[in-house]
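Proteins come first, then strands; the chains are lettered A, B, ... in the order of their sequence lines, and each starts at number 1.
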Amino acid sequence: MKEKLAQLIHSALETAQQQGDLPAFDIPDITIERPKDPTHGDFACTVALGLARVARMAPAKIAAAIIANMEKPDFVADVSVAGPGFINIRLATAWFAEQVQRVLNAGDAFGRINRGGGRRVQVEFISANPTGPLTFGSGRNAVLGDALASVLDAAGYAVEREYYLNDVGNQMNIFARSFRSRYAEILGYADRYPFPEDGYPGDYLIEMAQELAAEVGDAYLNLPEDESVATFHREGLARMVARIKADAELLGIRFDSWFSEASLYEDGTYQKVYDMLQSNGQLLEKDGAIWFKGESEDDKDNVIVRSDGRPTYFASDIAYIYNKLVTRKFDRAIYVWGADHHGHVARLKAAARALGLDDSRITIILYQLVALERDGKPVRMGKRSKFVTLKEVVEEIGADATRFMLLTRSADSQMTLDLGLAVKQSNDNPVYYVQYGHARIASLFRKAEEEGVSPVNAKLTLLKHPAELELIRQILRLEEVVERAAETLAPHHLTYYAQELATAFHSFYHSCRVVGDNPALSSARLALVQAAKIALANTLHLMGMSAPEEM
RNA sequence: GCGCCCGUAGCUCAAUGGAUAGAGCAUCAGUCUUCGGAACUGACGGUUGGGGGUUCGAAUCCCUCCGGGCGUGCCA
């Protein structure tokens, strides 16, 4: 619709110039906006304001000239000039009524648009080290990444969700040795493998060790050192990944792939990118280590191979981006990172450029970390202290409320969350307002069935009450919201839209009797309500939440 | 010190450079004999941290100051 209107205004400008109503100038791109204030119409256009200088005319006069030369098809009810030169467009009520049928026909697919054109996008998120259960801190990452993936999918991209497993390196070795100590302890040989000084203290390792001991007995107690560490590394990783997978599923999140960092070394990718950088002269040796050169004087160098020969995490990152963009040919790679990693953005892109890749294919979504409090007192999230797990929070306040709470704020907002307050207030969570709208509609359909009212073959042009039209407008907005969320990679728009849609429904419900004594009107309203149900359900599902039939 | 992010109503947060800066919660005042009251309607509430600048137009862009967060490792 926006494109159609832009086209109309574009040709109106041409006509106006031919008629001599406007001087000659290049016609700019026309953007159609949606006014914040609904009394300004359904759509608005600001070209006249921008043309004031080039046309040397008052914007209001330009707008008037455009309107005078504009074609007005049936779906346009009114076009007018307002304020300093806005062109406000109001659509015909009949057009709105007909759109209800389009929504009904689309069903689950309503809200899907073709912005992406099937381009392949990978969204990599969470990717927390597999050394412990997911913390609540990872929750924001999880919810953002998953909703982003859903939105991009709805916008017509071919999306894959990926979890990057840091299954090599120092932290994993400490994890493996911590796991081994717990295992030995359980079997009564605590002295054999003393707990590492900076080991992982959580109870989950004890539970995992109990499982292992129950499965294999003392078979892993007397292995040669190398094999021993490797064994606990392997066993610990497999168990930890299973737990992380289960934690993610508590929020309804499933990954298409779990990508192993180790595989980058095993399949030669790391060696390949190393050779590429080497032959391009991007590497330098200093203090016994290998560095990736900064691009300028004040751009610092970064170590990729330590002086003891072990590659750094950054080395893996370089191989990984090559794998994403070259080996697996994703058109676009999206990373969801906590703001504490923002220092890595520039060097990752620089490394990609050094490999000859277009860094605009890489997007890093940085979100501010969630600070936790309980009853006004800060809760530390470090690995040595007792951290708050995602599971605890979800079990306390529910998956839907947790998701909604974390999704409502834009990634840039730094939030401190009081867990005590969150639990206390979880009943006020706006998600229930939205879900209640959906359940209420489901209930309406049960009622309608009893009364023998059906939305089939409804005469939609009967819909003309202001509350009906407002509800239709809100329903139709879903497509714009998906587009905007996909374009700005900001799924929090969905949460606000969901509430506005629910408000339009509740308000309609209050002022318009659906199942009443006028059968034709009842049928038309039922069709509208069905469209509202579709829009609510699709929005909830995009956010990863349930759309209950009753609650 | 330098870099990035943030500062909007009492609280939590929105607002593709556009019109009178909006929601939820809280507070106050109303609505219902019928489809689910987890609802609806309204009121109160603002120098968008301060000060400059760009623009026809700035919460939004630029500069500066104040305040907060995060970075600035041969950690991840």
Base, sugar-phosphate, or nothing for [X], non-hydrogen atoms under 4.0 angstrom?
X	answer
Glu500(A)	nothing
Ala448(A)	nothing
Asp37(A)	nothing
Thr31(A)	nothing
Cys45(A)	nothing
Ala289(A)	base
Arg513(A)	base

| task | Please evaluate the base of G71(B) for a donor-acceptor partner in the side chain of His344(A) within a cut-off of under 3.5 Å? | result |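 Check fails, no donor-acceptor contact within cut-off.
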Minimum-distance nucleotide (side-chain atoms of [X] versus [options]):
X	options	value
His492(A)	A15(B), G69(B), U72(B)	A15(B)
Arg440(A)	A15(B), G36(B), U31(B)	G36(B)
Val514(A)	U12(B), G68(B), C35(B)	C35(B)
Gln171(A)	C4(B), A15(B), A76(B)	A76(B)
Arg446(A)	G18(B), G36(B), A76(B)	G36(B)
Ser507(A)	G18(B), A38(B), U41(B)	U41(B)
Asn88(A)	A19(B), U34(B), C5(B)	A19(B)
Asn129(A)	G18(B), G36(B), A76(B)	A76(B)
Met415(A)	A15(B), C13(B), G37(B)	C13(B)
Asp287(A)	G18(B), C74(B), A15(B)	C74(B)

Between [M] and [N] - [atom1] atom distance, rounded Å:
N	M	atom1	answer
G17(B)	U54(B)	C1'	12 Å
A39(B)	C44(B)	P	23 Å
U12(B)	C65(B)	C1'	28 Å
G10(B)	A19(B)	C1'	29 Å
A21(B)	A29(B)	P	28 Å
G7(B)	U20(B)	C1'	24 Å
G51(B)	A58(B)	C1'	15 Å
G71(B)	A15(B)	C1'	29 Å

| task | Return the orientation label for the Phe259(A) and Tyr320(A) ring planes: parallel under 30°, perpendicular over 60°, tilted otherwise. | result |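 Geometry flag for Tyr320(A) against Phe259(A): parallel rings.
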| query | Which word best sums up how the rings of His341(A) and His344(A) line up, parallel for under 30°, tilted for 30 to 60°, or perpendicular for over 60°? | reply |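 Aromatic pair His341(A)/His344(A) classed perpendicular.
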Rounded to the nearest angstrom, tell me the gap between atom [atom1] in [X] and atom [atom2] in [N].
X	N	atom1	atom2	result
Phe508(A)	C40(B)	CZ	C1'	14 Å
Glu480(A)	A15(B)	CD	P	16 Å
Arg347(A)	C74(B)	CZ	C1'	12 Å
Ile441(A)	A38(B)	CD1	P	16 Å
Met405(A)	C13(B)	CE	P	12 Å
Met545(A)	A38(B)	CE	P	21 Å
His506(A)	A23(B)	NE2	C1'	15 Å
Arg140(A)	G69(B)	CZ	P	16 Å

| Between Arg440(A) and Tyr509(A), is NZ or CZ placed under 6.0 angstrom from the six-membered ring centre and within 45° of the ring axis? |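 Yes, a cation-pi geometry holds between Arg440(A) and Tyr509(A).
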| message | Taking the six-membered ring of Phe292(A) as reference, does the cationic atom of Arg347(A) (NZ for Lys, CZ for Arg) lie under 6.0 Å from its centre and within 45° of its axis? | response |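 That pair does not qualify as a cation-pi contact.
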| said: Please compare Ser307(A) and Tyr509(A) by the position of their nearest nucleotide in RNA chain B and report the one closer to 5'. | reply: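 The answer here is Tyr509(A).
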| Starting at the 5' end of RNA chain B, which residue's closest nucleotide do you reach first, Trp291(A) or Phe86(A)? |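 It is Phe86(A), whose closest nucleotide lies nearer the 5' terminus.
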| task | Starting at CD of Glu124(A), measure out to CD1 of Ile321(A) and round the result to the nearest 0.5 Å. | result |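 The CD atom of Glu124(A) sits 9.0 Å away from the CD1 atom of Ile321(A).
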| field | Spacing of Glu285(A) atom CD and Gln278(A) atom CD [to the nearest 0.5 Å] | value |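 That separation rounds to 9.0 Å.
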Reckon [X] has a side-chain N or O less than 4.0 Å from the OP1 or OP2 of [N]?
X	N	value
Ser410(A)	A14(B)	yes
Ser413(A)	G69(B)	no
Arg306(A)	C75(B)	yes
Lys300(A)	U72(B)	no

| query | Do His40(A) and the base of A19(B) stack face to face, with centres under 5.5 Å apart and an angle between planes under 30°? | reply |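 A stacking contact exists, since His40(A) sits close and nearly parallel to the base ring of A19(B).
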| query | What are the two closest heavy atoms between Tyr367(A) and Gly137(A), and how far apart are they? | reply |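 Taking every non-hydrogen atom into account, OH-O, 4.2 Å.
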Once you apply the 3.5 Å cut-off to both distances, tell me the Watson-Crick or G-U wobble partner of [N], or none.
N	answer
G3(B)	C70(B)
G22(B)	C13(B)
C40(B)	G30(B)
U48(B)	none
U54(B)	none

| request: Could you verify whether a donor N or O on one side chain and an acceptor N or O on the other, from Asp287(A) and Ser307(A), lie under 3.5 Å apart? | output: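 Asp287(A) vs Ser307(A): no donor-acceptor pair found between side chains.
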| field | Flag, side chain of Tyr497(A) to backbone of Gln474(A), donor-acceptor distance under 3.5 Å | value |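 Pair found, side chain donor or acceptor close to backbone of Gln474(A).
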